[in-house]
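Written out below as structure tokens is the structure these notes cover.
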Amino acid sequence: MSTTTLHLAKQNFKFSAAHFLIFDEKHAEKLHGHNYQVKVDIKAPADEAQHSEGYFMDFNVFKKYIKAALDRWDEIVLLPEKHPDMKFKKTDKSLEVTFRDRFYVFPLNEVILLPVTNTSVENLSRLLAEDFYKEFAQYGVQLVSVTVEETAGQGASTTVPR
């Protein structure tokens with residue numbers, strides 16, 4: 001039996017975000033940014049389950065959802081909510097962040113706390129893959145693979161479910 005995978009790697013599947021990686025108890029990157037590029041592969045159901053017109057789904061259904069998800073992370077500071085050295089204090093308009101000997105204050109609408117211990121491309125691809133799979137499962141999608149590149153040729157992929 002054959003399988004079909006849809007490949008979506010549009011130029012506008014991108015987001016620009018600031019972050020820093022935490023390597024160990026003493027070492028972490030400085031806050032910096034990337035222009036991330038995202039690719040999504042979607043495994044369609046078996047041929048007999050495909051649309052009678054000879055295609056699985058209108059690509060636009062998937063593209064709109066993917067683009068909206070990426071737009072939420074665009075021009076944002078992404079921080080790891082679950083890292084034990086990260087401390088957060090919200091005020092009416094800002095988020096105060098303490099990380100070891102560093103202190104940052106960000107406008108609330110310019111930062112997102114992600115449910116991870118590090119804002120690596122590995123975790124970014126996993127969060128997106130889990131979100132996309134959860135959304136696309138209603139269409140019979142069997143798996144979703146998401147690649148997030150922080151620079152061309154340097155990134156990580158996650159496939160859900162696995």
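If you read the sequence from its start, that first residue is 1, and numbering goes on from there.
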Could you list the donor-acceptor pairs under 3.5 angstrom formed between side-chain atoms of residues 112-120 and any protein atom two or more places apart in sequence or on another chain?
residue	atom	partner	partner atom	Å
N118	OD1	I22	N	3.0
N118	ND2	I22	O	2.7
T119	OG1	H19	ND1	3.1
T119	OG1	F20	O	3.3
S120	OG	E122	OE1	3.2
S120	OG	N123	N	3.2

Review point. When you look at CD of Q138, are more than 12 heavy atoms from neighbouring residues, nucleotides or ligands closer to it than 6.0 Å?
Key: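 Yes.
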Treat each ILVMFWY residue as a node, draw an edge where side-chain heavy atoms are under 4.5 Å apart, and state whether [X] and [Y] are in one component.
| X | Y | value |
| --- | --- | --- |
| Y139 | V144 | yes |
| F132 | V61 | yes |
| F62 | F15 | yes |

Exercise for review: Can you run down the side-chain hydrogen bond (donor to acceptor under 3.5 Å, both in side chains) pairs that involve residues 56-66, sequence neighbours left out, and say none if there aren't any?
Suggested key: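 side-chain hydrogen bond (donor to acceptor under 3.5 Å, both in side chains) check on residues 56-66 returns D58-N60, N60-K63, Y65-D131.
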Any side-chain heavy atom of [X] sitting closer than 4.5 Å to one from [Y]?
| X | Y | value |
| --- | --- | --- |
| F88 | L79 | yes |
| P161 | Y133 | yes |
| L124 | V146 | no |

Review point. For R126, does its backbone N or O pair with a side-chain atom of T158 as donor and acceptor, under 3.5 Å?
Key: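 Yes.
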For residues 37-44, tabulate all N or O donor-acceptor pairs below 3.5 Å that involve a side-chain atom, not counting sequence neighbours.
residue	atom	partner	partner atom	Å
Q37	NE2	K10	O	3.0
Q37	NE2	Q11	O	3.3
Q37	NE2	F13	O	3.0
D41	OD1	H7	ND1	2.7

Any residue meeting side-chain hydrogen bond (donor to acceptor under 3.5 Å, both in side chains) with [X], in chain and number order, not counting sequence neighbours:
| X | answer |
| --- | --- |
| Q154 | E150 |
| S157 | T147 |
| E75 | none |

Check residues 67-74 and write down every donor-acceptor pair under 3.5 Å in which the side-chain atom is one partner and the other belongs to a residue at least two apart or another chain.
residue	atom	partner	partner atom	Å
K67	NZ	N12	O	3.4
K67	NZ	D71	OD1	2.6
D74	OD1	S16	N	2.8

**Study point:** Distance-minimising heavy-atom pair for A156 and S125
**Key:**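 Taking every non-hydrogen atom into account, O-CB, 3.6 Å.
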Practice item. Find the distance between CZ (F136) and CG (L6) and round it off to the nearest 0.5 Å. Key: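 Here the rounded value is 10.0 Å.
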**Study point:** Remaining members of the apolar cluster that contains F23, side-chain heavy atoms under 4.5 Å
**Key:** L21
Review point. Taking only residues two or more places apart in sequence, or in another chain, which ones meet K90 in a side chain to side chain contact (heavy atoms under 4.5 Å, CB included)?
Key: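 If we apply the side chain to side chain contact (heavy atoms under 4.5 Å, CB included) test to K90, skipping adjacent residues, the hits are L95, L108.
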Point to revise | Any residue meeting side chain to side chain contact (heavy atoms under 4.5 Å, CB included) with P107, in chain and number order, not counting sequence neighbours | key: N109, E110
Under 3.5 Å donor-acceptor pairs involving side-chain atoms of residues 96-103, not counting sequence neighbours:
residue	atom	partner	partner atom	Å
R100	NE	D85	OD2	2.8
R100	NH1	D24	O	3.1
R100	NH2	D24	O	2.7
R100	NH2	D85	OD2	2.9
R102	NH1	E29	O	2.8
R102	NH1	Y104	OH	3.3
R102	NH2	A28	O	3.3
R102	NH2	E29	O	3.0

